[in-house]
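Encoded as structure tokens, the structure appears first; notes follow it.
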Amino acid sequence: MSNTESSLSEQQEIRLEKLQKLRELGVNPYPFEYDVTHHSADILENEDKFISEDDTEDNSHSVSVAGRVMTQRIMGKASFFTIQDSQGTIQIYIRRDDVGVEEYNKVFKKLVDIGDFVGIKGFVFKTRTGETTIHAEEFHFLGKTVRPLPTPKEVENEEGETVTYDAFSDKELRYRQRYVDLVVNTDVKKVFKQRTQMVQAMRNFMNDRGYMEVETPILQPIYGGAAARPFKTHHNALDMDLYLRIANELYLKRLIVGGFDGVYEFSKDFRNEGLSRFHNPEFTQVELYVAYKDYNWMMDFMEEMIEKVALELHGTTKVTVGENEIDFKRPWPRIPMYEAIEKETGFDLAGKSEDEIREIARELSIHVEDEMGKGKLIDEIFGETVEPKLIQPTFITDYPIEMSPLAKKHRSKGGVVERFEAICNGKEIANAFTELNDPVDQRERFEEQARLRTEGDEEAMTVDEDFLKAIEYGMPPTAGIGIGIDRLAMIMTNSDSIRDVLFFPLMRPEKD
RNA sequence: GAAUCGGUAGCUCAGCUGGUAGAGCAACGGCCUUUUAAGCCGUGGGUCGAGGGUUCGAGCCCCUCCCGAUUCACCA
């Protein structure tokens, strides 16, 4: 998008003029590198090591920092300003007589704006008001910004609370211009650091147990592994339609067939659905498959892993989410689905026919449609009556077979499979089963899905012949799980929208 | 997809029953060598989301559309 002059704001035009003036003064507005020796937090957290006792120049305590100018307080021949680097902000004290008249009067006072990158070399001291500050001996221009940043101000009031003035708070702008959001709203960085920390903790946990991180195709000729509508694309050279994966389950299981004991993948999955506080069309799951294990083992595994994540992020198993305090301490309750429904509604669905269940749904005044099969009806009843009430982490086990075409039939109970979902804060955060490894049963389940599909269920799975072939070659007993990374991140960072844990959530394009 | 609320200066917002678009911060010019939302004096800055309509006159009223937030519906 080319900016014609008339489309520039006054402030942008002024900054472009300053850019030109810098060049005229022989200052490169965009130099190539700068030698940074310290970051703001290094200095502030260990200030005693840096502060010169007699408040004079002492080269042994020299520091060199770089960052964006965020505030300026110019007072004639001396000034204070703060710079923000990757770790936080630190105050700089600069005097005309230290850095030179030309540098101070012409460059610093006239041509530096909020947002510009500068490098400072100097020594650390404490001002009369007690703020640890770098006394600049050298001032280097490191990068001109030609668009003004929002300028929020944070200040502590008398009660010691931090008050923010003029916060950059327009959610639309924050999501569209996340780079600005990150610069200006310091808490945002914290959320994303925690998200990464969470993923690292999970990765380490799985690596420590010897499971292998793998990559499987995103472009798939047949999509499967979940109930969802896909994105479709096309490969030109092969003239072939492809789908963006909705899950990677079927590929990871092929790898178990191939002989790995445990494989996992943090995978971006894509589902062609609406957007909401809990849904983004691309989202992240980690899926893990472990040979010779079942879903009971997987529950132990999950609660241990998530408890550890909470401990690593918060130092405690208790996490505050909105008005709730969620405790991830093991063990989590394990409740069979029908029991959970009966406890909440008084209706026992076990052994009931589709029509009977439809009637119960109506009695509970739950919205049902004619094309809903038994599985969907039960899911609907559960979702309406039980799920929202499960705030503390809970395993709901033993799902109806109709809604679980990839899970193994329960070893002792009829009509259900060995499947669990982990529910937390009223939402599903994980889905797991003892994997179906009987190829004959699997083919029948696929065929049932195909039948639902012809009846109009757009989310029913298609038959994946190659996957069937794979398990016909033999798959060991296997436990598998998928954990929603975005939803878990929402809980772990106390965010109430999925957009707050995605750097770049999907937005409609802006129109001029 | 529906309902509600919102879109005014770089940012945050005000703008009454329709009557020449405002404030704070930011910017610009000046004063100020340990300041704390620094201060003081002065100055400039707007396609009021877009288009149409009503009116002598629209930021405000009416219609259509765009974008967002929230809730619901759909959906892992």
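Since we're looking at a predicted model, the values are computed, not measured. Below, read A as the first sequence line, B as the second, and so on, with proteins coming before strands; counting in each chain starts at 1.
The P atoms of B:rC72 and B:rG22 are separated by 43 Å, rounded to the nearest whole Å. Spacing of C1' atoms, B:rC40 relative to B:rC32, comes out at 9 Å, to the nearest Å. Between B:rC65 and B:rA3, the distance separating the two P atoms is 11 Å to the nearest Å. Here, B:rC5 and B:rC41 have their C1' atoms 43 Å apart, quoted to the whole Å. Comparing the C1' positions of B:rG7 and B:rC48 gives an interatomic distance of 10 Å, to the nearest angstrom. Spacing between B:rU17 and B:rG29 at atom P, rounded to whole Å, works out to 42 Å. B:rC61 and B:rG42 have their P atoms separated by 37 Å, given to the nearest Å. When the C1' atom is used for both B:rU20 and B:rG24, the distance is 23 Å, rounded to whole Å.
Side-chain contact check for A:E137 and A:H135: no donor-acceptor pair (N or O, by modelled atom type) lies under 3.5 Å.
Rounded to an integer number of Å, the gap from NZ of A:K144 to P of B:rA27 is 10 Å. In this structure, A:F231 atom CZ and B:rC75 atom C1' are separated by 13 Å, rounded to whole Å. Between the CG atom of A:D379 and the P atom of B:rC74 there is a distance of 12 Å, given to the nearest Å.
A:K408 NZ to A:E418 CD: the interatomic distance, rounded to the nearest 0.5 Å, is 8.0 Å. One finds the CZ atom of A:F278 at 7.0 Å from the CZ atom of A:R487 (value rounded to the nearest 0.5 Å).
Heavy atoms of other residues, nucleotides or ligands lying less than 6.0 angstrom from CZ of A:R451 number more than 12. Around the NZ atom of A:K189, the shell of radius 6.0 Å holds more than 12 heavy atoms that belong to other residues, nucleotides or ligands.
One can find a donor-acceptor pair under 3.5 Å joining the base of B:rU35 and the side-chain atoms of A:T127. In this model, no side-chain donor or acceptor of A:S169 finds a partner on the base of B:rU12 within 3.5 Å. Below the 3.5 angstrom threshold, one finds no donor paired with an acceptor across the side chain of A:D170 and the base of B:rG68. Not a single donor-acceptor contact under 3.5 angstrom links the side-chain atoms of A:Q285 to the base of B:rA76.
When the nucleotides B:rU34, B:rU36, B:rU12 are ranked by their closest atom to the side chain of A:E131, B:rU36 comes out on top. For A:Q72, whose side chain is taken as the heavy atoms from C-beta onward, the closest listed nucleotide among B:rU71, B:rA27, B:rA76 is B:rA27. Considering only side-chain atoms of A:K376, the nucleotide from B:rA76, B:rU35, B:rA27 that sits closest is B:rA76. Here the nucleotide nearest the side chain of A:Y175, chosen from B:rA69, B:rA37, B:rC67, is B:rA69. Distance from the side chain of A:T133 is smallest to B:rU35 among B:rC75, B:rA76, B:rU35. Relative to the side chain of A:P148, the nucleotides B:rU70, B:rG10, B:rC28 differ in distance, and B:rG10 lies closest. Comparing B:rG30, B:rU12, B:rA27 against the side chain of A:F168 picks out B:rU12 as the nearest. Here B:rG10 is the nucleotide among B:rG10, B:rU12, B:rU35 with the atom lying nearest to any side-chain atom of A:Q11. In the set B:rU70, B:rG30, B:rA26, the nucleotide with an atom closest to the side chain of A:R277 is B:rU70. You'll find that the side chain of A:R128 is closest to B:rU35, out of B:rA76, B:rA69, B:rU35.
Centre separation under 5.5 Å together with a plane angle under 30° holds for the ring of A:Y165 and the six-membered base ring of B:rA37, marking them as stacked.
Between A:R508 and the phosphate of B:rG68, there is a side-chain N or O to OP1/OP2 separation shorter than 4.0 Å. Of the side-chain N and O atoms in A:R73, one or more sit less than 4.0 angstrom from OP1 or OP2 of B:rA38.
When all heavy atoms of A:K121 and A:S62 are compared, the pair lying nearest together is CE-OG, 3.6 Å.
Nucleic acid contact class of A:I74 (heavy atoms, under 4.0 Å, all strands): base.
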- Give the intermediate values and the outcome of ring pair (Phe, Tyr, Trp, His ring centres under 6.0 Å) for residues A:F81 and A:F108. CA-CA 10 Å; A:F81 62 99; A:F108 174 74; 5.0 Å; yes
